Structure formats: structure tokens, C-alpha cells
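Below is one structure, written out as C-alpha cells; the observations come after it.
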Amino acid sequence: MQTHFFANTFAALRSRNFRYFWTGQCISVMGTWIQRTSQTWLVYQMTKSAFLVGLLAACQFLPLLGLTLIAGTLIDRFPKRTLLLITQWGFLVLGALMTLIVYFKVVQYWQILAIALGMGILQSFDTPTRQSFVVELVGKKDLLNGISLNSSIFNLAKIAGPALAGILMVQFGITWCFFINTVSYLAVIFGLARIENIPAVIQTHKRPQMLRDIMAGIHYVLSHSELKLVATMMLIISTLNFNNNVIIPIYAEEVLHAGSQTYANLLSATGIGSLAAAFIMSYLARYGLNRRLYLVVSFGTMLLQSLMLFVRSFWLASVIMILVGFCNMIFLNQSNASFQVGIPHELRGRIMSVYVLLNQGTTPLGSLYVGAVMDLAAGSWGFPACGLLALFLVSVVLLVQRKIIANWIFPAKAK
């Protein structure tokens with residue numbers, strides 16, 4: 001029974017190529033979370049402004065809004081491993097630059113924004129490439145399991161990264177956070193270099209027409225009613241309910257009256273919930289999509305964040321953050337699967353670029369919104385301002401699409 005459980009939970013790791021990719025990403029993404037945690041705290045300590053913290057997050061994700069769909073056309077035209085090697089070397093250079101300006105104590109707010117913008121540009125190409133690369137590494141049979149295990153990387157790093165960043169900032173200084181992130185990119189570069197026997201890129205047309213390619217991916221999403229509904233829910237929830245990096249440092253200082261370690265611990269708490277959900281979804285991947293669960297976790301994250309208005313205890317906040325992380329992970333896992341299952345392979349890069357646009361590209365809007373709310377009201381309003389607005393908007397959307405929702409909840413009766 002135990003062997004059967006592990007065989008199903010880690011099925012995608014049977015692929016040698018995926019093992020190299022997955023291991024390298026584990027190390028690299030942990031470094032990324034160490035930098036994100038320390039960078040956000042550094043900016044808040046420099047500026048004492050929730051809006052400027054939101055602006056930092058906006059700069060990091062703003063390029064995804066304009067470049068992700070363009071990236072999708074390149075992903076379908078060039079080898080994905082080559083694109084990933086280029087982005088990883090770019091991340092390494094920017095990480096080294098951040099390390100140097102902090103080490104020599106010449107860091108200024110505008111410099112941090114510029115580096116965040118540069119990383120956002122690279123991320124616009126890196127993220128959809130990684131998402132669409134999984135099927136080439138594991139095949140269609142283990143795709144859902146590969147998606148879940150790939151998500152587990154992010155969530156394992158989300159636990160260990162902030163926790164380690166908190167220790168490093170307190171014990172050794174913030175410079176070490178940026179240095180470790182810089183070195184971590186070497187792991188994924190090594191893993192990519194070891195991958196072999198990747199399927200050749202299939203050219204569907206000789207002369208590239210970027211606008212037509214972009215519209216092909218968008219048209220596919222909009223012409224499939226269930227996928228269109230998933231995209232709409234992602235647009236709302238990803239914009240409003242995925243702003244923990246902006247909200248938590250202000251919440252930790254203004255509401256809990258605590259420092260960097262508490263901020264890092266709350267970020268890690270969301271990672272604990274996310275990691276638990278990732279492994280559960282890895283095991284359940286063989287059962288396919290679960291629309292009822294998708295709806296439950298969608299409302300779960302919105303309601304939990306709304307309740308944070310009344311929370312003044314670190315331990316209660318930690319429990320809620322674990323539950324929020326759990327709900328968010330399942331929401332993204334099922335959204336990702338909705339975008340990947342059954343789509344034409346030649347459109348995969350373009351369709352996944354739409355997914356990444358909805359998942360991360362709209363983050364700047366939410367970051368600026370919640371940053372302004374907390375500056376005008378207080379840190380206690382960060383989570384509920386997002387949760388309540390998302391709850392209203394999603395309820396309206398689901399009311400309009402009630403026939404699809406009925407089919408999701410009662411599939412047999414709907415037929």
C-alpha cells in the first residue's frame with residue numbers, strides 16, 4: 001500500500017529528464033523566495049510605505065502583463081531548454097547585481113525597482129516556458145502528476161525560503177540572502193544542461209506572424225466555455241488574493257507589532273499549506289480534474305482572507321495562512337490542469353502564456369490596489385479588502401455562468 005502511494009504520488013519522477021529539471025528548480029526557486037522575502041522587507045524598512053512595497057511587486061510582475069503573450073509565440077517556435085538557459089543566466093546576473101549594491105551599501109529604492117523590472121522581463125519568458133516544458137519531460141500520461149510535483153517545488157521553497165531568509169537577516173545580514181539566491185541559479189542551469197532527447201520543435205508555419213500567433217492562443221481559451229470560466233476566475237482571484245508578499249510585512253509590523261522573523265514565519269505558513277496541498281494533488285492526479293473541489297477552495301481563500309480583519313494573534317494568523325496556502329495551491333493546480341489537459345500541442349506555449357498572464361501578469365493591479373488601501377486605511381485591511389472584493393466579483397461571475405456551475409456540481413443531473 002505504501003509503495004503504491006509513493007508510486008502514484010511521485011510518478012513523474014520516473015523520468016530522468018524531469019528529475020534533473022525538478023531538482024534544479026527546487027534549489028533555484030528556494031533562492032528566489034529568499035530574495036523575495038528579504039527584498040520586500042528591505043524596501044519596507046527603507047520607505048515605511050505599503051504603497052511603495054506594492055509598487056515593487058507591481059514592477060516585478062508588470063512585464064508579464066505586456067510580454068507573456070509574446071513569449072508564448074517564441075516558446076512554440078524555439079527549443080524550450082535553450083530559452084530556459086538564457087533566462088536563468090539573466091536571473092543570475094541580476095541577482096549578482098543586487099548582492100553587490102547591498103553589500104557596498106549603495107542600494108537605493110529606484111535600483112531595487114529597476115532590478116525587479118529586469119527580473120520581471122525574464123520571468124515573462126521563463127514562467128510560461130517552464131509550464132509548457134513539463135509535458136515534454138514526462139509525457140501526457142504523467143502530465144497532471146508532473147504539474148503537481150512542479151507546483152510542490154514552489155511551495156517547498158515557499159516554506160524553507162522565507163524561514164531561511166528570516167534567519168539570515170537576523171543572524172548574518174541581508175546581503176547573504178541575495179548572494180544565496182544568485183548562486184542558486186547554477187543548480188537549475190546544471191540540471192538543464194543534463195537534460196537530453198528533447199522532442200524537436202514542430203514548425204507549424206514558415207513565416208512567423210506574431211499577432212496571429214498571440215490571437216490563436218487567446219481565441220482557443222475564449223472559444224471553450226469552461227476554460228473561459230476558469231480564466232475569468234483566475235483573473236479575479238489571482239489579481240486580488242495572491243498578494244501575500246505585499247500584505248504580510250505590513251500586517252506583521254502594524255497589526256502584530258513584530259519584526260522580520262514573524263513576517264518570514266507567516267510567509268512560510270502559507271507555504272506549509274501549499275506544500276501539503278501539492279502532495280495531495282500529486283496523489284489524486286490520476287483521478288483528473290475535480291470541479292467541486294475547485295469551487296470549494298476558490299470560496300475558501302476569499303472567505304479566509306476576509307476573516308483576517310478580526311485576527312490579532314500570530315498563532316491564529318499562522319493557522320489561517322496555512323489554510324489560505326492550501327486553498328490557493330489547489331486552485332492553481334486545478335486551473336493549470338484545466339489549461340493543459342487536451343489542448344493542441346502546437347498551441348501549448350501560447351495557451352500557457354495566457355495562463356501565466358492570468359496567474360501573475362495581473363498581479364501589479366492587485367499589488368497597487370492593496371498597497372494603496374493599507375496606506376489609506378491600515379495594515380489590518382489588506383487581506384479583507386482583497387477577500388471581500390473578490391468574493392463579490394466571483395459571485396457575480398458564477399451567477400451569470402450558473403449552467404456551467406450546475407454541470408460542475410451535479411454532472412450527472414446536468415446531462
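Please read these numbers as outputs of a predicted model, since none were measured by experiment.
At least one donor-acceptor pair under 3.5 Å links the side chain of Asn265 to the backbone N or O of Gln261. Ser274 contributes no side-chain N or O that, together with a main-chain N or O of Met329, makes up a donor-acceptor pair within less than 3.5 Å. Judged purely by atom type and a 3.5 angstrom limit, Ser124 uses its side chain to pair as donor or acceptor with the backbone of Pro63. Of the possible donor and acceptor atoms, none in the side chain of Thr301 sits under 3.5 Å from a partner among the backbone N and O of Val297. Proximity of a side-chain donor or acceptor of Asn181 to a complementary backbone N or O of Cys177 within less than 3.5 Å is not detected. At least one donor-acceptor pair closer than 3.5 Å links the side chain of Tyr109 to the backbone N or O of Leu52. When atom types are taken as modelled, the side chain of Thr23 and the backbone of Tyr20 share no donor-acceptor pair closer than 3.5 angstrom. Looking at Asn336, its side chain never comes within 3.5 Å of a backbone N or O of Asn333 through a donor-acceptor pair. Listed for the Gln334 side chain is no donor-acceptor partner under 3.5 Å among the backbone atoms of Leu293. Panel note: side chain Ser38, backbone Gln35; a donor-acceptor pair is recorded below 3.5 Å.
Note: Gln111 CD to Leu97 CG = 8.0 Å, rounded to the nearest 0.5 Å. Considering OH of Tyr369 and CZ of Phe51, their distance stands at 14.0 Å, rounded to 0.5 Å. Expressed to the nearest 0.5 Å, how far CD1 of Ile405 lies from CG of Leu295 amounts to 5.0 Å. Here the CD-CH2 distance, from Glu254 to Trp381, works out to 14.5 Å after rounding to the nearest 0.5 Å. Here the CH2-CD distance, from Trp408 to Glu226, works out to 6.0 Å after rounding to the nearest 0.5 Å. In this structure, CG in Leu229 is found 5.5 Å from CD in Gln401, a value given to the nearest 0.5 Å.
Considering all non-hydrogen atoms of both residues, Ser380 and Val255 come closest at N-CG2, 3.6 Å. Nearest heavy atoms, Leu227 versus Val221: CD2-CA, 3.9 Å. The two residues Ser338 and Arg291 have their closest heavy-atom pair at OG-NH1, 2.8 Å. Closest non-hydrogen pair, Ser298 versus Met233, comes out as OG-CE, 3.4 Å. Across all non-hydrogen atoms, the minimal contact from Met46 to Gln108 is CE-C, 3.9 Å. Taking both residues in full, the closest heavy atoms of Val246 and Ala50 are given as CG1-O, 4.4 Å, listed atom of the first, atom of the second, then distance.
In this structure the side chain of Ser225 reaches within 4.5 angstrom of the side chain of Ile404, judged on heavy atoms. Contact of the Ile101 side chain with the Ile115 side chain is registered, since non-hydrogen atoms from C-beta on lie closer than 4.5 Å. No side-chain heavy atom of Asn328 sits under 4.5 Å from any side-chain heavy atom of Thr270. In this structure, Leu240 and Ile236 have side chains that are in contact, with non-hydrogen atoms separated by less than 4.5 Å. Phe383 has its side chain out of reach of Val311: every pair of non-hydrogen atoms, C-beta onward, lies at least 4.5 Å apart. Using a 4.5 Å heavy-atom threshold, the side chains of Phe125 and Ile86 count as separate. Counting heavy atoms from C-beta on, the side chains of Tyr263 and Leu256 never come closer than 4.5 Å. Side-chain contact between Val188 and Ile27 is absent, with no heavy atoms from C-beta onward closer than 4.5 Å.
Ring planes of Phe91 and Tyr185: parallel class, angle under 30° (limits at 30 and 60°).
A cation-pi contact links Arg36 to Trp33, judged by a cut-off of 6.0 Å to the six-membered ring centre and 45° from its axis.
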Open item on the list: Under the criterion side chain to side chain contact (heavy atoms under 4.5 Å, CB included), I'd like the reasoning laid out for Ile247 against Met308: C-alpha separation, chi angles, the key distance, then a yes or no.
Closed with: CA-CA 11 Å; Ile247 300 171; Met308 283 293 288; over 6 Å; no
Task: Criterion side chain to side chain contact (heavy atoms under 4.5 Å, CB included) on Glu253 and Gln45, from CA distance to verdict - done: CA-CA 10 Å; Glu253 183 162 295; Gln45 293 306 305; 3.4 Å; yes
- [ ] Check the pair Asn245, Gln60 against side chain to side chain contact (heavy atoms under 4.5 Å, CB included), reporting the backbone distance first and the verdict last.
- [x] CA-CA 12 Å; Asn245 280 357; Gln60 186 156 332; over 6 Å; no
- [ ] Given side chain to side chain contact (heavy atoms under 4.5 Å, CB included), test Phe299 with Leu391 step by step and report yes or no.
- [x] CA-CA 7 Å; Phe299 278 95; Leu391 190 62; 3.6 Å; yes
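Around the OH atom of Tyr103, the shell of radius 6.0 Å holds no more than 12 heavy atoms that belong to other residues, nucleotides or ligands. The neighbour count for Phe179 CZ, taken as heavy atoms of other residues, nucleotides or ligands under 6.0 Å away, does not exceed 12.
One side chain, Tyr294 or Ser335, offers a donor N or O that lies under 3.5 Å from an acceptor on the other.
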